[in-house]
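Report on one structure; see the data block that follows.
All figures in this text were calculated on a predicted structure; none of them were measured in a lab. Throughout, numbering of the chain's residues begins at 1 and tracks the sequence. Note that ligands are numbered from 1 as they come in the structure, with each ligand's atoms numbered from 1 the same way.
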Amino acid sequence: MSSSPVKVAVTGAAGQIGYSLLFRIASGAVYGPDTPVQLQLLEITPALKALEGVVMELDDCAFPTLAGVEIGDDAEKIFDGVNLALLVGARPRGPGMERGDLLEANGAIFTAQGKALNKVAADDVRIGVTGNPANTNALIAQRNAPDIPADRFSALTRLDHNRAISQLAARTGSSVTEIAHMTIWGNHSATQYPDLFHATVGGRNAAEVVDDQAWIENDFVPTVAKRGAAIIEARGSSSAASAASATIDAARDWLHGSAADDWVSMAVQSDGSYGIPEGLIYSFPVTTSGGDWSIVQGLDIDEFSRGRMDATAAELIEERDAVQALGLI
Ligand SMILES: NC(=O)C1=CN([C@@H]2O[C@H](COP(=O)(O)OP(=O)(O)OC[C@H]3O[C@@H](n4cnc5c(N)ncnc54)[C@H](O)[C@@H]3O)[C@@H](O)[C@H]2O)C=CC1
Ligand SMILES: O=C([O-])CC(=O)C(=O)O
């Protein structure tokens, strides 16, 4: 085992996702069995007692890869020297709250955390945003951290990507390992566009294998895009273990590279690829290597896909304009 631990910050660590996420990071799911991890856990003051309980449980696992745990409510202390920051904590929508209120409440959190990361994170920091609205929260944090390269910020659409793989596998009677080149375009919201026209099943084009445009439009796309709401309906609370698992998948692949013959979906800063306005945090097909990502180029976009990709971009533009009007970016 190497001697100096990597420092991983998790915010909202006492929440539902945190309860799955911390144990997997601590047991080596992101960095492997040979790299010790120091967890730096941020919570709001009233949640620190509950977080102490979670830390007691982490201790009780005696994970060989867990080098230490620090908890606190001060972002500048918790983010000090972190190599990876997973921003999970966010303000959920409460009764009577409008979208604008949610953006404002989360804006306060992500401006402060962006500024703190800018000040104290390690030079090689990578920042993954899971807390909703994830794309716009990532944009706010990024714009408040001008000294951190913009490509170090990403929002989570890997859960949507995994959901899309699972739905396609079920429909085609294949195993998830036979599915490749899945893409989620756009926002982590109901406007996202899960794309079967470039995905493959056993090496064959997925849309051709399915051969049912009505199923794609009326079943597959809405099932994936509204899966979060279906889980809330069934479970009484939002997805947590699957969200934690996707957060791990995204961080691991970002840092250690995507499979040679595949790509992953990540919401990253648009460079104008596929006509998506520059600067939006938009989910694209990307390949990753050594902590860098690059948008897959040259995919043919048909009229149906174009419409969906533009619609989800339009929603992100609206969110960006709203947080701009609030002075958050
Ligand atoms: N991008 C994605 O695919 C998904 C995103 N989510 C989002 O992830 C977020 C977290 O979900 P859960 O863990 O289920 O929520 P939760 O409500 O169980 O936990 C959130 C935690 O964040 C903490 N928190 C609030 N403000 C904070 C701040 N300023 N600093 C640090 N911690 C703070 C809260 O005290 C709470 O413990 C939500 O916004 C949820 O909508 C959930 C599922 C999937
Ligand atoms: O829908 C929600 O509130 C949680 C979420 O982001 C998801 O499960 O995709």
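- Taking the centre and axis of the six-membered ring of Trp215, the NZ or CZ atom of Arg171 falls inside the cone set by 45° and 6.0 Å.
- Under a 4.0 Å heavy-atom criterion, Ile232 is in contact with ligand 2.
- In this structure, Phe23 and Tyr19 have perpendicular ring planes: the angle between them is above 60°, well past the 30° mark.
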task: Show your reasoning for whether side chain to side chain donor-acceptor pair (under 3.5 Å) applies to Gln192 and Asn187.
output: CA-CA 5 Å; Gln192 68 177 263; Asn187 201 2; over 6 Å; no

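- Here Leu159 has side-chain heavy atoms under 4.0 Å from ligand 1, and that is the only part of it that gets that close.
- In this structure, atom 15 (O) of ligand 1 has no protein heavy-atom contact shorter than 4.0 Å.
- Using a 4.0 Å cut-off between heavy atoms, Ala243 contacts ligand 1 through its side chain alone, with no backbone atom that close.
- Judged by distance alone, the side chain of Ser270 and the main-chain N or O of Leu280 form no donor-acceptor pair under 3.5 Å.
- Distances below 4.0 Å separate heavy atoms of Ser239 from the following atoms of ligand 2: 7 (C), 8 (O).
- Of all the atoms in ligand 1, the ones that sit under 4.0 Å from a non-hydrogen atom of Val88 are 8 (O), 9 (C), 10 (C).
- For Gln297, the CD atom is densely surrounded, since the number of other residues' heavy atoms within 6.0 Å is greater than 12.
- Counting heavy atoms closer than 4.0 Å to ligand 1, residue Ile17 contributes atoms from both its backbone and its side chain.
- Among all protein heavy atoms, the one lying closest to atom 5 (C) of ligand 2 is His188 NE2, 3.6 Å.
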